[in-house]
Structure formats: C-alpha cells, structure tokens
Amino acid sequence: MILELADIRIQPGQQAAFEEAIERGLRTVISQAKGFHGFTVNHGIESPERYVLQIFWATLEDHTEGFRGSPLFAQWRSIVGPFFAAPPVVEHFELVAHSDGN
C-alpha cells in the first residue's frame, strides 16, 4: 500500500466551498481509479487555508501513471484546482509501522 500525501493551500475564505468540492471529487472521480483504496482529508487549525489530503493506492504506479495519465486527473483538477493558492506539494510514502486500534 502506498500513501500519497498532498499538502494543499487554498484561497482565503473558500474553506466551505473547497471542502464540498474536494469530497465530491474524491467520491466521484478519484474513487474510480485503478488501485484506489481510500482517502482522508484534514483541515489545518492554525492555518485555516491548509489541508492535508491522504490517498491510499495499491501501487505507486496506480497513482503516478494510472491516475495521473488518465482523463480522471483532468476531471479532478477541474473540480479542486480553482481553489488552489499554489500547486499542492505531493509526496509518496511506504508503511513502516502502525498501531492496532483507534
């Protein structure tokens, strides 16, 4: 399992609209991609224009080649892209350890 972590900064005052858009885009577009296994979206407390998006993929290639190389990527960016104050910083991670519980 691969974790995609996207650090997103949006335009001030757009939180409610962005939250609706990102959830819609995740549920209707990204969820169709091969290798998609789930997501979380967290909103910054100290930095209200900051969001951290985590998407779980079966393989790195499912994200970097499969999703990004497909028409789904353009659909996704058309939904969330207008809110971005800057391009998101995206990195990928492999699981090293986890807890058993909450």
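Phe84 and Ile55 fall within the same hydrophobic cluster, where Ile, Leu, Val, Met, Phe, Trp and Tyr residues are linked whenever their side-chain heavy atoms come under 4.5 Å apart, directly or through other members.
The salt bridge (charged side-chain N to carboxylate O under 4.0 Å, His left out) search around Glu61 returns none, not counting sequence neighbours. Legend: residues meeting ring pair (Phe, Tyr, Trp, His ring centres under 6.0 Å) with His43, ordered by chain and number and at least two apart, are Tyr51. Considering only residues two or more places apart in sequence or on other chains, Glu19 meets the salt bridge (charged side-chain N to carboxylate O under 4.0 Å, His left out) condition with none of them. For Arg77, there are no side-chain hydrogen bond (donor to acceptor under 3.5 Å, both in side chains) partners at least two apart in sequence or on another chain. Listed by chain and residue number, Phe67 satisfy the ring pair (Phe, Tyr, Trp, His ring centres under 6.0 Å) test with Phe73 (two or more places apart in sequence, or in another chain).
Rounded to the nearest 0.5 Å, atoms CD (Glu94) and CG (Leu60) are 8.5 Å apart.
Ring geometry for His92 versus His63: interplanar angle of 30 to 60°, hence tilted.
Listed by first then second residue, pairs satisfying ring-ring contact (aromatic ring centres under 6.0 Å, His included) with a partner in residues 20-40 number zero, not counting sequence neighbours.
A heavy-atom distance below 4.5 Å is found between the side chains of Glu91 and Phe93. Residues Leu72 and Gln32 form a side-chain contact, since some pair of their non-hydrogen atoms from C-beta on lies under 4.5 Å apart. Looking only at side-chain heavy atoms (C-beta outward), Leu3 and Phe56 come within less than 4.5 Å of each other.
Within 6.0 Å of CD1 on Ile45 lie no more than 12 heavy atoms contributed by other residues, nucleotides or ligands.
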